[in-house]
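Here the structure comes first, spelled out in structure tokens, and everything after it is commentary.
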Amino acid sequence: MSQTKPELHRAVELLCGASFSVAMTGAGVSAGSSISTFRAEDGIWARFPVEEYGTAAAFRRDPEKVWQLFGSLDDELRRAHPNPAHAALATLEQMGLLGGLVTQNIDGLHQAAGSRVVVELHGTVSTGHCPCCRQSYRREDIPPWPPAPHCSSCGAILRPDIVLFNDIIPEQAFWHATQLFRQADVVLAVGTALEVAPASWLVMSAPAYGAVVILIDPDPPLKAQAVASVVVPAAAERALPELVEIARDSLGHHPRRPRQATDR
Ligand SMILES: [Zn+2]
């Protein structure tokens, strides 16, 4: 019996009793796919200082330089595959225990694992655009770095559709995330340090809107522990598959009808 089994049983009870549940995922979910995290000691911001490489102003100042960051990320992301945490979250959705998922990750691995209702708060590397003429590009049409890729219409340097510091969160993603959270009576926060708004306050304010919070993280942030009803101090790729197994045992052969956001 794992040390976190009682907490996982309690989490399953809450998910099975929920009218609508939503997950918030962060870098900890993709860490099991060998994707670098941004904030770790040896993370991306340690190699590429955020002021020089990670802001909207840095891109305007020197897009070639910011492509050093995009390029190294892109190489890592093209090789990455979903891990058991992504698969478990997709399974929870199929079982009717998760109504949607809001992610801070830009890697597209939730969709690759089969999750259907996914809101990408910080954008995605799967598409890009020209900041001058606004032409959109699919990832497969953007030549791999180096060099920095140029717009085929106007020649400007392209940008992946990811949110940099001081960028505005895409309006539609923000609206959709807020809708999911305001409907939820259970929030599952996985692998997120909850240091960046609006993800942090969507989770932190959930109890004020009547939701209970389940927190899964090997190093659960103290401020989130304060609002969480259940804390599972474990890595996502270990805890979530176990949670799915407990849920399967609990539901037996009678999976719940998958819920839609409009059901409530
Ligand atoms: Zn252009």
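Atoms within each ligand, like the ligands themselves, are counted from 1 in listed order.
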Check whether Thr192 reaches the backbone of Leu194 with its side chain - one donor and one acceptor, N or O, closer than 3.5 Å. yes
Applying salt bridge (charged side-chain N to carboxylate O under 4.0 Å, His left out), which residue pairs with at least one partner in residues 160-176 are found, sequence neighbours left out? Arg159-Asp167
Under 2.8 Å from the Zn ion (ligand 1), which protein N, O or S atoms do you find? Ignore water molecules. Cys130 SG, Cys133 SG, Cys151 SG, Cys154 SG
Parallel, tilted or perpendicular, as decided by the 30° and 60° cut-offs, for the rings of Phe70 and Phe59: tilted
Could you tell me whether the side chain of Asn83 and the main chain of Glu237 form a donor-acceptor pair under 3.5 Å? no
For Asn166, side chain to side chain contact (heavy atoms under 4.5 Å, CB included) partners two or more places apart: Thr55
Quiz: residues 147-158 side-chain donor-acceptor pairs under 3.5 angstrom, not counting sequence neighbours:
residue : atom : partner : partner atom : Å
His150  : ND1  : Gly155  : O            : 2.7
Ser152  : OG   : Tyr137  : OH           : 3.2
Ser153  : OG   : Gln135  : OE1          : 2.4

